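Data block below; observations after.
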Amino acid sequence: MTFAELVTRGVHEAAPALLGWTLLVDGVGGRIVELEAYAPEDPASHSFRGPTARTQTMFGPAGRLYVYRSYGIHWCSNITCGPPDRAEALLLRALEPTHGLERMRERRGLDDARLFCSGPGRLTQALGLDGRHDGLDLTAPPVMFLPPTAAAEFETTPRIGITKAVDEPWRYVERGSSWSSRGQRRAGS
DNA sequence: CAGTGGATGCTCT
DNA sequence: GAGCATCCACTGT
């Protein structure tokens, strides 16, 4: 299935299928290893109370980038999903950096690759994205989505940093990945 | 290595 | 005027 087709499915079908895809913006990016699902009937979702100036993009077509400011400081990025009448999105929470590591290092101001893309604010900064990219078409350059060779194994957990619907297991993480925002620490020693 | 708190700005009540 | 879909520095082990 193509990326464009995938995102028209609901978030809970699209999320597991999108884990393992490589996201590149201007040739910089990596494999998606962590996503969180948000949908209209979900009290934690920005789309829960209907469209507002900020959430326009969530109510628009699937396959676009929804960028919002978090805690006044960081930008966070989502992939809009679902059929036309459903304001759904997947929050990009972590990538495994594979392309343009040097560019990420400059943008993040750090040397530790583990901290490049392990968190929604971090990965948005590493990819060079901000509020100006809200609404960006993800099916066209400079954005590229490359499919994985095999479907990723994944697990679900409660979402992070929210205060409503805190127990819903709508965080999708590639099993065994050490690149997630709550990555499993190295075993032993 | 775990826990805490500050920064900071916009959205919605 | 409150409340954030966060990150980082700093503390005390």
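Computed from a prediction, not measured in an experiment: that's the story for all the values here. Chain naming here is simple, since letters A, B, ... match the order of the sequence lines and numbering starts at 1 in each. All values below were derived from every heavy atom in this structure, side-chain atoms included, with hydrogens, water molecules and symmetry-related copies excluded.
Taking side-chain N and O atoms only, Ser45(A) has no distance below 4.0 Å to OP1 or OP2 of dA5(C). The phosphate of dC8(C) (OP1 or OP2) has a side-chain N or O of Arg122(A) nearer than 4.0 angstrom. Taking 4.0 angstrom as the limit, Arg171(A) places none of its side-chain polar atoms (N or O) nearer than this to OP1 or OP2 of dA5(C). Note on Arg108(A): a side-chain N or O is less than 4.0 Å away from OP1 or OP2 of dC8(C).
Base pairing of dT8(B): no nucleotide in any strand meets the Watson-Crick or G-U wobble criterion (both distances under 3.5 Å).
Rounded to an integer number of Å, the gap from CG of Asp112(A) to P of dC7(C) is 14 Å. The CD atom of Gln125(A) sits 12 Å away from the C1' atom of dC8(C) (whole-angstrom rounding). Rounded to an integer number of Å, the gap from His74(A) NE2 to dG6(B) C1' is 12 Å. Straight-line distance from the CZ atom of Arg114(A) to the P atom of dC8(C): 15 Å, rounded to whole Å. For Ile162(A) and dA5(C), the CD1 to C1' distance is 7 Å, given to the nearest whole Å. We find that CH2 of Trp75(A) is positioned 11 Å from P of dG9(B), with the value rounded to whole Å. Rounded to whole Å, the distance from CG on Asp134(A) to P on dT11(B) is 11 Å. Remark: C1' of dG3(C) and CZ of Arg54(A) are 11 Å apart, rounded to the nearest angstrom.
Across dC12(B), dA5(C), dA7(B), the shortest atom-to-atom separation from the side chain of Ile73(A) is found for dA7(B).
Between Ala89(A) and Leu110(A), it is Ala89(A) whose nearest contact on DNA chain C lies nearer the 5' terminus.
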Q) Yes or no on side-chain hydrogen bond (donor to acceptor under 3.5 Å, both in side chains) for Ser181(A) and Arg93(A), after CA distance, side-chain angles and deciding distance? A) CA-CA 7 Å; Ser181(A) 64; Arg93(A) 284 202 58 95; 3.1 Å; yes
Q: Output, in order, the C-alpha distance, side-chain angles, deciding distance and verdict of side-chain hydrogen bond (donor to acceptor under 3.5 Å, both in side chains) for Glu96(A) and Ser177(A).
A: CA-CA 8 Å; Glu96(A) 172 185 340; Ser177(A) 176; 5.2 Å; no
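A side-chain donor from one of Arg122(A) and Ser118(A) sits under 3.5 Å from a side-chain acceptor of the other.
Within the 4.5 Å cutoff, the side chain of Trp170(A) has no heavy atoms near those of the Ile162(A) side chain.
Between His46(A) and Tyr66(A), the ring planes are perpendicular. Angles over 60° get that label, and only those under 30° would be called parallel.
dA5(C) has no stacking from Tyr68(A) on its base ring, since the centres under 5.5 angstrom apart and planes within 30 degrees of parallel are not both found.
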